[in-house]
Amino acid sequence: MARKKHIDGPAPVAEAREVAPVERGGEKAWQAALRPRTFDEYIGQRDLIDNLRISVRAAREHGWPLDHFLFAGPPGLGKTTLAHVIAEELGVNLHVTSGPAIDHKGMLASLLTSLGERDALFIDEIHRLAPVVEENLYPAMEDFKFDLFIGDGPHAKAVTMQLPRFTLLGATTRMGLLSAPLLDRFGFHWQLRYYEQADMTAIVKRSAAITGIHIDEAGAHEIARRSRGTPRIANRLLRRVRDFAAVERDGRIDVDIAASALDRLAVDHAGLDALDRAYLSVICERFDGGPVGVEAVAASLSEERG
Ligand code: ADE
């Protein structure tokens, strides 16, 4: 189809401009471009980063493979980012997958046998592994072995394959759903916390610098304050506020344009959106502060239970 012609005045300026690589993709590409790649670039989660530095240094200096590590915590806090950082610092390849994506034993076999010596395998949402896949992961994690059956029926032959010494990096938003045998096979697990305000402000300033956005301290603070301690939210809101600043101002973000844009995006001073506020109002007002069951809240909001 032919492109719609711009008849009311000059064509939009952006058509003539070169678009920066970070602007060419969608939200995922934006977030990926802003990911820290090394421990030095990583802001926040200080205790965790200090521990990881020690383990990675020990592995590198002594030639030991890194133990299997598990990260737990709400979405957007950097579990996937940490896997990339660890692989980068170890100087190994990272293979990325998720619990629901490994839907049968054969798929796990092909993933594990494609790993190189010391490579890291990242499994996101590891609490969603199918039971049969999880059971076959145990000997792989512990003894770097995988049992396969070749052929069918009475002629089937059991073959044990030796796997490379890999590192499993697991991530979960639901630590409580992980089975004890799986949890026991990780040498280290850590619950990520929401980021502190100062760290969030530093993250917003770093993201702005990478993407060429001018922002002052108070503007960065305002976006950080409304991002619920979650870097992924901060980076998303930074891009939205940038749009308002570009259209209504000279592109620079200060506290006034940040606050005004976020108000119009219905993100309040605590980072809550319209549905969050409706959820809290129902509990406070209709159910007198609770306790109240999830079904009753869902019905009152005309939303699905999920
Ligand atoms: N971008 C997203 N998360 C970050 C973090 N923890 N440190 C620096 N930049 C980030």
Side-chain angles (χ1 to χ4, degrees), residues 30-62 64-92 94 96 120-127 167-176 178 183 186-211 213 215-239 258 269-271:
W30 177 266
Q31 296 284 352
L34 300 178
R35 252 187 211 147
R37 299 191 199 285
T38 60
F39 289 140
D40 285 345
E41 285 179 23
Y42 204 100
I43 297 165
Q45 308 288 344
R46 248 327 92 210
D47 302 352
L48 169 61
I49 297 295
D50 288 348
N51 290 334
L52 292 176
R53 273 183 200 276
I54 299 278
S55 296
V56 166
R57 197 169 152 193
R60 283 194 78 133
E61 289 180 3
H62 295 269
W64 299 326
L66 189 74
D67 207 350
H68 307 305
F69 284 8
L70 175 72
F71 303 113
L77 295 196
K79 299 183 291 297
T80 307
T81 301
L82 282 170
H84 283 276
V85 169
I86 290 171
E88 171 74 27
E89 295 276 359
L90 279 173
V92 301
L94 181 71
V96 177
L121 172 65
F122 176 63
I123 306 184
D124 200 8
E125 298 188 80
I126 197 164
H127 60 276
T167 294
L168 180 65
L169 301 173
T172 179
T173 48
R174 308 284 300 276
M175 184 79 123
L178 236 69
L183 202 55
F186 284 99
F188 173 94
H189 33 91
W190 191 274
Q191 181 81 36
L192 274 82
R193 294 184 304 268
Y194 287 107
Y195 289 66
E196 287 163 18
Q197 173 69 41
D199 291 333
M200 289 294 293
T201 303
I203 289 171
V204 172
K205 290 200 302 193
R206 173 181 179 274
S207 299
I210 290 171
T211 52
I213 298 171
I215 191 165
D216 69 10
E217 185 72 27
H221 186 273
E222 188 62 21
I223 294 174
R225 185 165 78 97
R226 301 199 196 198
S227 299
R228 299 203 240 171
T230 307
R232 187 186 297 164
I233 298 180
N235 286 338
R236 177 165 54 78
L237 294 181
L238 172 66
R239 198 179 188 189
H269 62 277

Exercise. Can you tell me how far the CG atom of L178 sits from the CD1 atom of I126, to the nearest 0.5 Å?
Worked result: 6.5 Å
Seminar exercise, completed: Output for pair (T230 OG1, N235 CG), nearest 0.5 Å, gives 11.0 Å
Problem set entry | Side chain to side chain, M175 and L183, heavy atoms closer than 4.5 Å | yes
For this session: Kindly indicate, with the supporting measurements, whether the criterion side chain to side chain contact (heavy atoms under 4.5 Å, CB included) is fulfilled by E41 and V85.
Result: CA-CA 9 Å; E41 285 179 23; V85 169; over 6 Å; no
For this session: Indicate yes or no: at least one non-hydrogen side-chain atom of Y195 is less than 4.5 angstrom from one of I43.
Result: no
Exercise. Between the side chain of Q31 and the main-chain N/O of R232, is any donor-acceptor distance below 3.5 Å?
Worked result: yes
Problem set entry | Polar side-chain atom of E89 near backbone of F39 as donor-acceptor pair, under 3.5 Å | yes
Exercise. Quick check: are there more than 12 heavy atoms from other residues, nucleotides or ligands sitting under 6.0 Å from CZ of R53?
Worked result: yes
Problem set entry | Distance in Å, R236 CZ paired with L238 CG, rounded so as to fall on 0.5 Å steps | 11.5 Å
For this session: Using the six-membered ring wherever Trp is involved, compare the ring planes of F69 and F71 and label them parallel, tilted or perpendicular (cut-offs 30° and 60°).
Result: perpendicular
Exercise. Checking side chain to side chain contact (heavy atoms under 4.5 Å, CB included) for the pair N51/F188: CA distance, chi angles, key distance, verdict?
Worked result: CA-CA 10 Å; N51 290 334; F188 173 94; 4.3 Å; yes
Problem set entry | Closest non-hydrogen atom pair, V204 against A234 | CG2-CB, 3.9 Å
For this session: Write down the atom of G44, the atom of D199, and the distance for their closest heavy-atom approach.
Result: CA-OD2, 3.4 Å
Problem set entry | Closest non-hydrogen atom pair between W64 and A58, with its separation | CE3-O, 3.7 Å
Exercise. What do the steps show when you test V92 against T167 for side chain to side chain contact (heavy atoms under 4.5 Å, CB included), and what is the final call?
Worked result: CA-CA 10 Å; V92 301; T167 294; over 6 Å; no
Problem set entry | Main-chain N/O of L34 paired with R206 side-chain donor or acceptor, under 3.5 Å | yes
For this session: Can you see which heavy atom on R46 is nearest to which on Y42, and at what distance?
Result: NH2-O, 2.9 Å
For this session: Could you tell me which non-hydrogen atom of G219 sits nearest to which non-hydrogen atom of D216, and how far apart they are?
Result: N-OD1, 2.7 Å
Problem set entry | Check: P74 main-chain N/O paired with K79 side-chain donor or acceptor under 3.5 Å | yes
For this session: Go through the steps to decide whether R239 and T211 satisfy the test side chain to side chain contact (heavy atoms under 4.5 Å, CB included), and finish with yes or no.
Result: CA-CA 9 Å; R239 198 179 188 189; T211 52; over 6 Å; no
Problem set entry | H221 and Q197, any side-chain heavy atoms less than 4.5 Å apart | yes
Problem set entry | Test item: L82 and I49 side chains (from C-beta on) under 4.5 Å apart, heavy atoms | yes
For this session: For atom CZ of R57, decide whether the heavy atoms of other residues, nucleotides or ligands shown that lie under 6.0 angstrom number more than 12.
Result: no
Seminar exercise, completed: Here the gap from D47 atom CG to R193 atom CZ, rounded to the nearest 0.5 Å, amounts to 5.0 Å
Exercise. Which distance, rounded to the nearest 0.5 Å, do you find between the CH2 of W30 and the CD1 of I210?
Worked result: 10.0 Å
Exercise. Once you round to the nearest 0.5 Å, how far does CG of L237 lie from CZ of R228?
Worked result: 9.5 Å
Problem set entry | Of L94, I123, T80, the residue whose pairing with L169 passes side-chain contact (heavy atoms from CB on, under 4.5 Å) | L94
Exercise. Which heavy atom of G73 sits nearest a heavy atom of Q191, and at what distance?
Worked result: CA-NE2, 3.6 Å
